[in-house]
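Encoded as structure tokens, the structure appears first; notes follow it.
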Amino acid sequence: MDTINPNLRISGPATATIDVGDAHSPITVIGNDAIRQTFDDQTIQQAINSRLAPGVTDVVLNPDAHVGYGAPVGCVMLSPTHVYPGPVGVDIKCSMSLLQTDIPADEIVSQTVRRKLIQAIGKRVPSGAGRGQRHVPKSRPVDGRLGFQLTTEGASKNVLKKLGIPKAWADRCEDWHHTAPDGSSDTLAARLEFLGRNRDSLDRLESKYRQLGSYGGGNHFGEAEVVRFAKDQASREVAQSFGLRDGHVAFLSHCGSRGLGHDLAMGQFRSLKTSFQKQGLAFPAGDPQLVYADARSDEGRLYLCDMAMGANFATVNHLMINQLVLEAFREVFPSVRGELVYFISHNIVRQEQVGQQLQWVHRKGATRAFPARHPGLQRTPFAETGHPILLPGNPRDGSSVMVALPGAERSAFSVNHGAGRRMSRTKAKKMLDQHQIDTELMNHDILSNCRQYPRDEAPDAYKDFNQVLASVEQAGLATEVARLEAKFVIKDGAPADD
DNA sequence: ATGTAC
């Protein structure tokens with residue numbers, strides 16, 4: 001038996017199911033033989049707990065799945081009625097973005113040029129827990145008023161204008177803004193005023209606004225890439241239509257809603273947990289991380305308001321980072337042009353039509369994957385092709401841009417969000433050799449802003465990205481249109497001294 | 001993920 005779970009049954013190429021009893025449809029598992037070996041008992045147990053939780057009608061486990069908060073990171077949870085804040089997580093709307101420049105790969109062969117770019121980015125975009133605008137000399141200052149506006153409006157024309165971000169980039173966002181469930185930004189404004197009702201809470205909010213345009217710690221990163229189109233003509237045409245440029249430099253970012261999203265999420269976990277205890281309600285599978293609310297209840301709507309505000313901050317944060325990175329490139333290449341290819345989340349709950357039902361689709365470390373002519377893409381630049389799917393792998397093996405196939409319906413129009421952790425951070429720090437990691441990156445000609453690359457973020461701390469991608473393609477969910485080859489990485493870690 | 005916690 002090649003799997004630890006006796007109830008796991010192969011149901012197609014790189015696709016399996018886990019039965020959870022006759023009353024429920026089984027869990028869908030995406031992963032080939034190699035990938036199915038990577039799911040540990042706790043991950044499977046979390047998938048089962050999520051599947052059996054109240055109001056949940058479907059769960060998909062993706063190839064990058066590993067243990068998470070309540071539900072596995074790398075899963076999709078569907079409910080027509082309920083929202084689950086835990087699975088959305090503390091980093092509300094953690095996302096990927098890709099900025100395409102017109103710089104040919106040849107121009108960044110020189111390590112000196114790349115060092116200059118790393119420094120120019122470092123002057124504008126801070127990274128690491130707690131870090132914000134005061135930590136860098138060339139940030140874009142955000143006062144309380146603008147912070148309030150962008151948190152309630154998202155990437156509105158006014159917000160983008162005030163921040164010097166091209167307004168066309170809003171069209172390249174999966175969602176350029178998020179509102180309250182009643183469709184209003186004013187409802188969010190009222191909620192945010194309430195959250196900042198006293199001096200202390202207002203100070204705290206304003207300190208979070210000042211993190212706009214920054215990376216966090218952990219797996220957040222920025223990476224300069226060389227774009228390599230796939231070989232087949234159809235994929236090349238899709239890549240071209242996305243605005244990608246073969247053999248040119250692009251910049252990939254992974255970041256979320258920083259301290260603001262964290263505070264909003266934690267606030268919700270706390271109050272929902274208290275409310276469960278007061279009512280004597282049992283947590284699903286006894287796990288407080290699986291607290292939930294009916295989406296139409298007061299509590300559910302309040303959660304969706306706070307999530308929307310975290311998501312708005314995350315959206316503008318990403319766009320700000322991209323503009324600051326473009327300005328950094330301009331310091332080294334004065335005539336550079338850059339355009340946002342796409343911005344897409346992997347930690348969010350959205351209401352979507354799935355089959356016959358309108359569902360709350362919780363993507364926890366999962367990426368939306370709408371193929372060509374999906375109704376959700378009407379009036380977007382991607383209606384006829386499907387939208388770009390941005391998948392970070394690791395610096396050594398590369399990252400990927402994919403596009404969904406009609407088969408994505410079997411995974412609730414979702415794919416993985418990256419490679420997925422193979423080792424815990426503690427295990428990686430213990431097991432992986434610092435010198436080996438740094439030497440390997442050097443041998444691949446990959447530079448970094450860190451003197452020592454964080455061991456718990458090393459390529460070998462993650463699953464085999466090629467097997468993850470192979471699983472997605474074998475299952476018929478999506479196909480690769482371009483590979484991204486890392487040339488330098490910006491991460492939170494010991495800074496290089498030169 | 002997060003100036004690490006009810």
Side-chain angles (χ1 to χ4, degrees), chain A residues 46 64-75 84-97 125-136 151 195 200-222 253-278 283 287-289 291 303 306-307 309-315 317-318 321 345-349 362-367 392 417-421 423-426 428-429 454 456-457 461-462 490-493:
Chain A
Q46 285 190 331
D64 55 343
H66 58 96
V67 171
Y69 188 94
V73 174
C75 84
Y84 281 80
V88 173
V90 287
D91 194 2
I92 294 167
K93 207 183 183 186
C94 190
S95 314
M96 298 302 305
S97 68
V125 186
S127 48
R131 301 195 43 102
Q133 299 176 335
R134 67 191 169 87
H135 296 94
V136 289
T151 303
L195 289 175
D200 277 5
S201 55
L202 194 62
D203 283 352
R204 194 168 169 92
L205 279 173
E206 292 185 354
S207 79
K208 305 304 171 188
Y209 298 151
R210 287 191 291 271
Q211 293 182 328
L212 191 82
S214 68
Y215 289 114
N219 58 10
H220 288 176
F221 70 89
S253 284
H254 178 210
C255 190
S257 46
R258 308 291 283 101
L260 188 75
H262 173 268
D263 285 1
L264 290 164
M266 291 304 269
Q268 284 291 335
F269 297 164
R270 256 196 303 272
S271 67
L272 281 169
K273 200 175 144 185
T274 309
S275 147
F276 261 59
Q277 285 163 338
K278 270 188 191 154
F283 300 114
D287 186 353
Q289 299 184 351
V291 283
Y303 172 70
D306 287 4
M307 188 196 73
M309 293 193 290
N312 281 333
F313 188 86
T315 305
N317 185 40
H318 255 268
I321 288 172
S345 175
H346 47 243
N347 274 0
I348 198 154
V349 56
H362 301 69
R363 293 195 176 88
K364 179 180 186 56
T367 314
H417 79 311
R421 193 159 271 289
M423 284 177 205
S424 71
R425 292 190 182 276
T426 355
K429 279 185 239 179
D456 51 347
E457 284 296 313
Y462 286 87
I490 309 285
K491 274 191 89 74
D492 172 33

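Below, chain A is the first sequence line, B the second, and so on; all start at residue 1.
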Could you check how far [atom1] of [X] sits from [atom2] of [N], rounded to whole Å?
| X | N | atom1 | atom2 | value |
| --- | --- | --- | --- | --- |
| A:Y69 | B:dT2 | OH | P | 16 Å |
| A:F269 | B:dC6 | CZ | P | 12 Å |
| A:R270 | B:dT4 | CZ | C1' | 13 Å |
| A:F313 | B:dT2 | CZ | P | 11 Å |
| A:F276 | B:dC6 | CZ | P | 18 Å |

Query raised in the report: Which atom pair, heavy atoms only, marks the closest approach of A:D64 to A:H66?
Result: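 Minimum heavy-atom contact is O-CD2, 3.2 Å.
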
Looking at every strand, decide which applies to [X] at a 4.0 Å heavy-atom threshold: base, sugar-phosphate, or nothing.
| X | answer |
| --- | --- |
| A:G89 | nothing |
| A:R425 | sugar-phosphate |
| A:R258 | sugar-phosphate |
| A:G259 | sugar-phosphate |
| A:K208 | base |
| A:G217 | sugar-phosphate |

Residues at least two apart in sequence or cross-chain that pass side chain to side chain contact (heavy atoms under 4.5 Å, CB included) with A:F269, listed by chain then number, are A:Y69, A:P85, A:V90, A:A265, A:M266

Taken in chain and number order and not counting sequence neighbours, the residues that satisfy side chain to side chain contact (heavy atoms under 4.5 Å, CB included) with A:V67 are A:D40, A:Q42, A:T43, A:Q46

With a 6.0 Å cut-off (strictly less than), is the heavy-atom count around CZ of A:R204, excluding the residue itself, greater than 12?
no

